[in-house]
Student: 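One structure coming up, written as structure tokens, with questions to follow.
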Amino acid sequence: MNKNYKDTLNLPKTSFGMRANLAQKEPQFLSRWKEMKLYSRIREARLGKPKYTLHDGPPYPTGDLHIGTGMNKILKDIIVRFQTMGDLDAPFIPGWDCHGLPIEHKVMTELASRAQEMTDSQIRQRCRQFALRYVEANRKQFQSLGCIGDWDNPYLTINPRYESAVLKIFKLMVEKGYIYRELKPIHWCFSCRTALAEAELEYRDREDPSIYLHLPLISPIDRLFPGEETGPASILVWTTTPWTLPGNLATAVHPEFQYVLVTYPDPESKQIRRMIVAEGTLERVARETGVAGYSIVGKVPGRELEGLLYRHPWFDKECPVILADYVNLEDGTGCVHTAPGHGQEDYLSGRKYGLEIISPVDGDGAFTDEVTDLAGRNVLEANEMIVERLRGKGLLLSRQTISHSYPHCWRCHQPVIFRATRQWFVSLTNRGLREKALDEVERVRWVPNWGKSRIRAMLERRPDWCISRQRKWGVPIPVFYCRKCGEILLDPGVIENMIRLFEERGSDCWFELSEEDLLPQDVSCSHCGGRKFKKENDIFDVWFESGSSHRAVVMENSELRYPADLYLEGTDQHRGWFQLSLLLAIATTDQAPFRTVLTHGFVVDQKGEKMSKSRGNFISVEGALKKFPADILRLWFSSVDYRKDIGVSLDLIRKISESYRKIRNTFKYCLGNLSDFKPETDRVPLGEMDEIDRWALQEVEELRDRVTRAYQKFEFHKVYREIHNFSVIQMSSFYMDVLKDRLYTYAANGPERRSTQTALWEITSILTRLLAPILVFTAEEVWEYLRSMTDLEESVHLSLWPAEQPEWRDEGLKEKWDRLLLLRAEALKLLEKYRGEGMIGTSLEAGIVVQVADPEWEHLLKEYEDELPKLFIVSEVEVQPVTKGDFDPAAHATELPGIRLLVGRARGEKCARCWKYSPTVGDFRDHPQLCAQCLEQMAIC
RNA sequence: GGGCCUGUAGCUCAGUUGGUUAGAGCACUGUGCUGAUAACGCAGGGGUCAGUGGUUCGAAUCCACUCAGGCCCA
């Protein structure tokens, strides 16, 4: 009789599919979480618990979210969920940075010429719609990524309350004297009469004069260059913008370069002239200017030239030689004409040396009255006249024409000039702000720790912060000017009034209301007593807005703790949000707004190169979500060390799916074998569990410990690796493989099977929670199955982190099992050899004799002799003690000294039920195909 | 050009204060099983530790330079 013994086995049974089908399931989970108000439920569950505040840095709302922005939110989400499961109250308020040029620029491009007929308010309304549209789209994408948070109440920098908080910060800074107004050069389009941002420039080729000119030295140089030579001496400079020469205030040299004094005969005056140029440029300069027959008189490093005075090329005044390390040898003479009102670097040098910032050019690009004989002339048109004037004065050495790339206006395509205008600044020196910031940096924990030196270096050398922009889409700077005398009205009382107005009506009121309506009743000019004012046209730099979030969001929300526990952004924010938040927080509250700053690298392509749309290697959140479910994306981002740059491609993400399936299959196996397990009734107490199951608990407890530490240190790639390796090594290839015999063939309710099920239950329950912050959907899916077996929280995301189980630790047991596993590896290797030779197929066809000459091993193996067949998954194992050197000649040596192995066919016949070979098969009349063990187990049933 | 950072098998990562033959998982190849089966097991191949030059008895590890890449400046 060939009975179907398969029916007598306890085979795994579960509807938990090998195929995840996440594309369908994820939206279902999302809507269920929404229905059950998961986020609020978590808040209620953690009410009164210690707080943990991760303050979200606001991304810019755009049509195509960079996958890196998605990664950033995923990392934040992992942390928030981990802390929440750690029984902390960790709310997450997402935000968006809605003002700023990119949106204004896009809206203006869309509107094109229609913009001219629209009011500022109308244009701002367009910008608002644009921003809100993308906030909405982005919100959906972040939610699809499985990120949890108060998505119904995010913070937007365009919210009235947020805008008023920006003014609160401004007011405090005005009161403390941080705010001042000063000239600064900016890109200016004189045909549109407007300031232009970097993004509004387009570079085109343009022809300009390229001139070398002498700046006559007044200071004696005999001491620097001792020699017989006399005659007029000069510093030679080069420029392609002769019109900026009236604004010249200094000449910059590099402190480290060598400078030479050169003599040459002037072909016109027949005089010997002397001039200073950088040694490294001399040959080229001579070639370009046609200077022949020169000789070098002497050589000094640039720093010794500092302070020499020369005569201004236009006006009757003296100007100094200064030092600057941006001077290069590639073009020019290594001596750089410096006009602080006409260039960025020039401006910084001007600030450094306390030079005046002059810019005798008006909004139409014409010289002002200060440049007497050129007043009213357009600066670019005046170039030639200036060149001729220099020639007349004998200052011009050479004149050529150069074609070079030059900034033009994005709208009218006319060339742009650098022109100094009045701008608003935050002083870094007032009240020692810079030093205070550097002190606070020391109190913050920077992860990785090099973040500290990075931000220190930036703080140490950054100039005062220019906070004004000549745009419309932003928070207006709440200052006024006296219509009568032009005096600035920068007054805390006035600002206080604006704070109130902004809170009620938003910053739009600035554009909608008249000065009279914006100002309190009794305001008059402190200078002339005038009562009519004009409001400021400038708005705040968007960084001033986002840098105010610590107040607008964290301080003003009682749910959150200030200072925040964590800020987490890319390393670009060391200069951006981290630094500017730090400055504003210190200026207004004397402390850093964060305790820990964690940074991640940039998402780059597979080759490690920058992602950009033009290169075609750009991956958007939307694009990634179309190809992969969120859990796969989350697993991928958890698997890499995000502290460095993250090389990503769709192909790489695809590969992580394999690992996902491994983890998923581990769950499937566990759930399948727990289908008839009820923890309340079937659980076996630790002391009564079999050793192999206690070994498993010991292993999972160690895993829990390592994984918890990794989460605490934000090392999610270690979490991933630990869990994956645990699934593969401890579970799949050993424990779960060995277990099959116990689970399938032993009595369903017998002590062995229940012992193992107890371990599987604990492992599944722990593993699910260890993975919940990363695989938010899959963990929930597993949790549902666990919940059907016993009373558990409604969602895994409401559950608590698996507790430490010290009683599961068993060092003695671990040590013994580690050794048994070493022997197992040797046995398996040998079985493979026999399999290769065709002697066996499945390992159950084999029997093994372990010959042991080592007393310690012998003791261990004798103790576990009955366990060994199970561990090796063979049908029988015999342990044979031998005296040293007396091994069977046929026995195979192993890596373990004193141990040799003999492999042969197992004795007896194959049991039709458990498939093991046993001499007892055939002994039983009713079941001639079964072994004794199976008969026994079936009897228990 | 400057500051900070990165560079270990095809991929993702480990490699204590410098110390045997540089490890793991995945992928790959071969193979077994067919009661985890759109699974699972076993075995195997694969690395000039970016390069060069130093320090040292000894360097993936320390130092210098170079190359490639990233972020932020200029």
Side-chain angles (χ1 to χ4, degrees), chain A residues 5-7 9-14 16-20 254 324-330 344-345 348 448 450-458 460-463 570-576 579 599-611 636 638-641 643-649 651-652 654-659 661-662 664-673 715 717-718 720-729 731-734 736-741 743-745 825 827-836 838 840-845 873 913-915:
Chain A
Y5 290 106
K6 190 167 174 175
D7 295 341
L9 296 172
N10 310 298
L11 293 177
K13 202 169 72 187
T14 179
F16 184 84
M18 189 54 243
R19 249 184 111 171
H254 195 290
D325 51 15
Y326 53 77
V327 172
N328 70 63
L329 300 172
E330 273 72 65
Q344 198 58 239
E345 290 171 329
L348 292 176
W450 49 257
K452 188 204 279 189
S453 45
R454 187 168 157 90
I455 196 165
R456 275 198 73 95
M458 289 171 175
E460 274 163 7
R461 33 169 121 161
R462 70 152 300 143
T571 57
D572 55 335
Q573 302 303 338
H574 281 117
R575 172 159 291 269
Q579 190 198 138
T599 50
H600 56 74
F602 271 69
V603 173
V604 293
D605 74 6
Q606 204 165 0
K607 285 179 249 161
E609 289 177 15
K610 187 189 176 70
M611 264 188 192
W636 155 258
S638 81
S639 76
V640 294
D641 184 353
R643 291 167 297 195
K644 340 180 191 182
D645 287 337
I646 302 104
V648 64
S649 70
D651 203 45
L652 286 174
R654 192 169 300 118
K655 286 181 182 165
I656 204 82
S657 310
E658 297 296 320
S659 305
R661 280 156 55 146
K662 186 75 191 186
R664 187 174 178 85
N665 198 46
T666 302
F667 282 126
K668 178 178 161 67
Y669 177 96
C670 293
L671 293 174
N673 285 298
E715 294 174 330
H717 65 291
K718 289 188 180 164
Y720 164 80
R721 212 181 53 243
E722 289 291 353
I723 293 179
H724 187 255
N725 283 4
F726 179 80
S727 301
V728 172
I729 300 167
M731 291 296 109
S732 192
S733 76
F734 174 59
M736 290 175 7
D737 205 19
V738 165
L739 243 43
K740 283 185 275 189
D741 185 49
L743 288 166
Y744 302 169
T745 74
L828 295 188
K829 204 174 289 186
L830 197 57
L831 287 173
E832 180 65 15
K833 178 177 149 62
Y834 283 94
R835 187 174 291 126
I840 56 165
T842 164
S843 55
L844 286 173
E845 290 166 24
I873 317 184
R913 184 170 175 275
C914 71
W915 293 351

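Throughout, protein chains are lettered first and strands after them, A, B, ... in sequence-line order, and every chain is numbered starting at 1.
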Student: Anything under 3.5 Å between a protein N or O and an N or O of nucleotides 6-9 of chain B, put it in a table, one pair a line.
Tutor:
none

Student: May I ask you to verify whether the side chain of A/Arg454 and the base of B/rC71 hold a donor-acceptor pair under 3.5 Å?
Tutor: yes
Student: Applying a 3.5 Å limit to both distances, which nucleotide forms a Watson-Crick or G-U wobble pair with B/rC62?
Tutor: B/rG54
Student: Between B/rG35, B/rC33, B/rC26, which nucleotide has the shortest distance from any of its atoms to the side chain of A/Thr842?
Tutor: B/rC33
Student: I'd like the C1' distance from B/rG45 over to B/rU29, given in whole Å.
Tutor: 7 Å
Student: Need the pair for B/rU48. Rule: Watson-Crick or G-U wobble, both distances under 3.5 Å, any strand; none if unpaired.
Tutor: none
Student: Could you give the distance separating B/rU8 and B/rC4 at their C1' atoms, to the nearest angstrom?
Tutor: 23 Å
Student: Base, sugar-phosphate alone, or nothing: which one does A/Gly608 contact when heavy atoms must sit under 4.0 Å apart?
Tutor: sugar-phosphate
Student: Please lay out, stage by stage, how A/Val604 and A/Glu609 fare under the test side-chain contact (heavy atoms from CB on, under 4.5 Å).
Tutor: CA-CA 5 Å; A/Val604 293; A/Glu609 289 177 15; 5.8 Å; no
Student: Between A/Gly451 and A/Tyr720, which is nearer to the 5' end of RNA chain B once each is assigned its nearest nucleotide?
Tutor: A/Gly451
Student: For nucleotides B/rU17 and B/rC62, find the distance between their P atoms and express it as a whole number of Å.
Tutor: 10 Å
Student: Could you tell me whether A/Gly841 contacts a base, only the sugar-phosphate backbone, or nothing, with contacts defined as non-hydrogen atoms closer than 4.0 Å?
Tutor: sugar-phosphate
Student: Tell me every residue that passes salt bridge (charged side-chain N to carboxylate O under 4.0 Å, His left out) with A/Asp641, counting only those two or more places apart in sequence or in another chain.
Tutor: A/Arg643
Student: With a non-hydrogen cut-off below 4.0 angstrom, is A/Gln606 in contact with a base, only sugar-phosphate, or nothing?
Tutor: nothing
Student: Taking atom P in both B/rA22 and B/rG35, what distance in whole Å separates the two?
Tutor: 43 Å
Student: So, is A/Tyr744 near the phosphate of B/rA36, with a side-chain N or O under 4.0 Å from OP1 or OP2?
Tutor: yes
Student: Nearest nucleotide by nearest heavy atom, which residue falls closer to the 5' end of RNA chain B, A/Ser639 or A/Lys607?
Tutor: A/Ser639
Student: Given B/rA14, is OP1 or OP2 found less than 4.0 Å from the side-chain N or O atoms of A/His717?
Tutor: yes
Student: Base, sugar-phosphate, or nothing for A/Arg462, non-hydrogen atoms under 4.0 angstrom?
Tutor: nothing
Student: So if I define the base as every atom that isn't primed, P, OP1 or OP2, how would nucleotides 37-44 of chain B read as a B/S/- string at a heavy-atom cutoff under 4.0 Å?
Tutor: SBSSBBS-
Student: Taking only the side-chain heavy atoms of A/Lys6 (C-beta and beyond), determine which of B/rA36, B/rG35, B/rC71 contains the nearest atom.
Tutor: B/rG35
Student: Using the P atom as the point on both nucleotides, what is the distance between B/rG47 and B/rC11, in whole Å?
Tutor: 13 Å
Student: Partner of B/rC11 by Watson-Crick or G-U wobble geometry, both contacts under 3.5 Å, or none?
Tutor: B/rG25
Student: Is a salt bridge present between A/Lys829 and A/Glu832, judged by a nitrogen-to-oxygen distance below 4.0 Å?
Tutor: no
